[in-house]
Protein chains: 2
Amino acid sequence: MAGRAGTGGRSVTSRALQVLDAFDSTAPRLTLSEIAERSGTPLSTAHRLLGELTAWGALRRRPDGRYEIGRKLWDLGLLAPVQLELRQVATPFLLDVHTATRDTVHLAVREGRSALYVERVSGRESVPVVSQVGSRLPLHATGVGKVLLAAAPDDVVDAVLRAPTRETRHTVVAPARLRRELAEVRRRGYARTAEEMSLGTLSLAVPVRVERPAGPAVVAALGVVVPSHRRDLLRLVPVLEVAARGIGRELSRVHAFH
Amino acid sequence: MAGRAGTGGRSVTSRALQVLDAFDSTAPRLTLSEIAERSGTPLSTAHRLLGELTAWGALRRRPDGRYEIGRKLWDLGLLAPVQLELRQVATPFLLDVHTATRDTVHLAVREGRSALYVERVSGRESVPVVSQVGSRLPLHATGVGKVLLAAAPDDVVDAVLRAPTRETRHTVVAPARLRRELAEVRRRGYARTAEEMSLGTLSLAVPVRVERPAGPAVVAALGVVVPSHRRDLLRLVPVLEVAARGIGRELSRVHAFH
DNA sequence: CGATTCCTTCCGCTGAGTGGGAGGCTGGCC
DNA sequence: GGCCAGCCTCCCACTCAGCGGAAGGAATCG
């Protein structure tokens, strides 16, 4: 590095996108120097880029000098069709389930080797749960995850079972046992977990299916999370199934129309 | 413009941000040429930028060749603290109201001269409403808007009353009458509209207040939208007030804790 | 089958972005 | 109070990354 300038701009447009990459859910508010370090950008460059991004509205400067994601990115993010149709169709059904049970209700899809939570309805007195809209949780340790994994292609199952993370002392990490569980999920049509992701909670989930030319396909999973002391969890299976069928039916209708 | 190159890059980082600006809620899916035109970017430049943005994940290429906002921007957008705390605190209360009334419930804040809808809970059989999370509606034609406007500084009120848009034939656009209505909203503690934003719907809204050193401040508005044939709308006032007070109380607690 | 529209790729030019460094500001420590 | 360390802000000469005109495909249409 003898020269003085112009070595930057690897391949993405300016370093602006690298700067944005410095932000994630574990670090939503950052100082200039943190951003510079996390994004591997020289301080002065980061400073200028942050100024431009802030002027555009992608970021916002807090009174304490830190930067955070701004309203414009929020707006744009809401335009993302990340399961937009699925969410719109499913939300009323999630509300129905929530109204009937007062429990925390989730809708998740599989994204690679994770369960991506795309929608959530949670009441006030619900147990605190780790999942949030936009968060990704392992496929082998949650109800919705098991449902999605049970419907996933073999290579995904193999990849997940190769190194299942241990989340709590109840997490099932033995590949053979996980395979048996997945088979059971397929047979029974629902998945159940007990304190496998977070202590103190049970979960129950069912698949959301749509009819495809090649046969029914699992496009999402619908689940509830309840405190451990609840004994009647399996009574919710029919409730979830009704809602899941409703979602599947609506999705088919929307697709046919489109 | 005699030269050939390098005239671009006005002031924002690359044209990438201009390209992103081409997307809005009225145009969430665009072709290359549409984007080039909407953003005032030469076709080949737009093409390259779109490639980079797509590689980064900001955009996604649809099977039909169009571009749309991608998952990465969705992720980042969810990090935006756009009333994040308010939303988290308020959502359970919105659910309570929805459970009690089965109506469409909104939470909005004032942003400049618009009402910004930050959260929404709508049932299945609800009337179709124009508002969506992230959308902005005029302050003078909706229930939540009037509540927010009634609590806004004078210069905002003046600016809005200078040129109120006509949304339907029932929209109140006479400044004098609007001022009288705002006074009434302040006096009674709620706002009501009848088909002023969209035909076929009524709305009702109350302010969400928090205690500040300088006295109570209106930080948001909580409202419902119902079909026009409903006659018992005012019965919902106490329901909304209870929820609004609950939200205010929670907000104060969170702030004190922080 | 030529016309039209839209997308993709190429490549020489140049000025916009780059980043080292100087300078300011703040707060903590001796 | 003086010094130092950690941040942030600003400046400016260098240069190479982005720019965009233009040509070449691909797809659609009448």
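In this text the structure is predicted, and so the values were computed from the model without any measurement. Atoms considered below: every heavy atom in the structure, side chains included; atoms not considered: hydrogens, waters and symmetry mates. Residue numbers begin at 1 in each chain, while the letters A, B, ... track the order of the sequences.
Atom CG in Leu43(B) sits roughly 7 Å away from atom P in dC7(C) (whole-Å rounding). When rounded to the nearest whole Å, the span between CG of Leu49(A) and P of dC8(D) equals 15 Å. Nucleotide dG25(D) holds its P atom 19 Å from the CG atom of Leu32(B), rounded to whole Å. With rounding to whole Å, Ile35(B) atom CD1 is found 9 Å from dC7(C) atom P. In this structure, the CD atom of Glu37(A) is 13 Å from the P atom of dG6(D), given to the nearest Å. Nucleotide dA16(C) holds its P atom 12 Å from the CD atom of Glu52(A), rounded to whole Å. The distance between atom CG of Asp64(A) and atom P of dG6(D), rounded to the nearest whole Å, is 20 Å. Taking atom CG of Leu50(B) as the reference point, atom P of dC19(D) lies 12 Å away to the nearest angstrom.
For the atom pair CD of Glu167(B) and CD of Glu196(B), the computed distance is 10.5 Å after rounding to the nearest 0.5 Å. A distance of 12.5 Å separates NZ of Lys146(A) from CG of Leu148(A), quoted to the nearest 0.5 Å.
Put simply, the side chain of Leu20(A) reaches to within 4.5 Å of the side chain of Trp56(B), judged on heavy atoms. In this structure, the side chains of Val133(A) and Trp74(B) come closer than 4.5 Å at one or more pairs of heavy atoms.
Closest contact between the side chain of Arg61(B) and the listed nucleotides dT9(D), dG20(D), dT8(C) involves dT8(C).
When each of Leu78(A), Asp75(A), Leu79(A) is tested with Ile69(B) by the rule side chain to side chain contact (heavy atoms under 4.5 Å, CB included), just one qualifies, namely Leu79(A). Just one of Leu149(B), Val156(B), Leu116(B), Val218(B) meets the side chain to side chain contact (heavy atoms under 4.5 Å, CB included) condition when paired with Arg110(B); it is Val156(B).
For His47(A), no side-chain nitrogen or oxygen approaches OP1 or OP2 of dC8(D) to under 4.0 Å. Between Arg48(A) and the phosphate of dT18(C), there is a side-chain N or O to OP1/OP2 separation shorter than 4.0 Å. The phosphate of dG19(C) has OP1 or OP2 within less than 4.0 Å of a side-chain N or O from Thr45(A). Checking the phosphate oxygens (OP1, OP2) of dC6(C), no side-chain nitrogen or oxygen of Arg66(B) falls inside 4.0 Å. A sub-4.0 Å separation between OP1 or OP2 of dT18(C) and a side-chain N or O of Ser44(A) is absent.
Direction of the helix axis in the helix from dC1(C)-dG30(D) to dC30(C)-dG1(D) shifts by 40° between the two five-pair termini, rounded to 10°.
If you check every strand for non-hydrogen atoms under 4.0 Å, Thr31(B) touches sugar and phosphate atoms only.
Of the N and O atoms on the side chains of Tyr67(A) and Arg29(A), not one donor lies less than 3.5 Å from an acceptor on the other residue.
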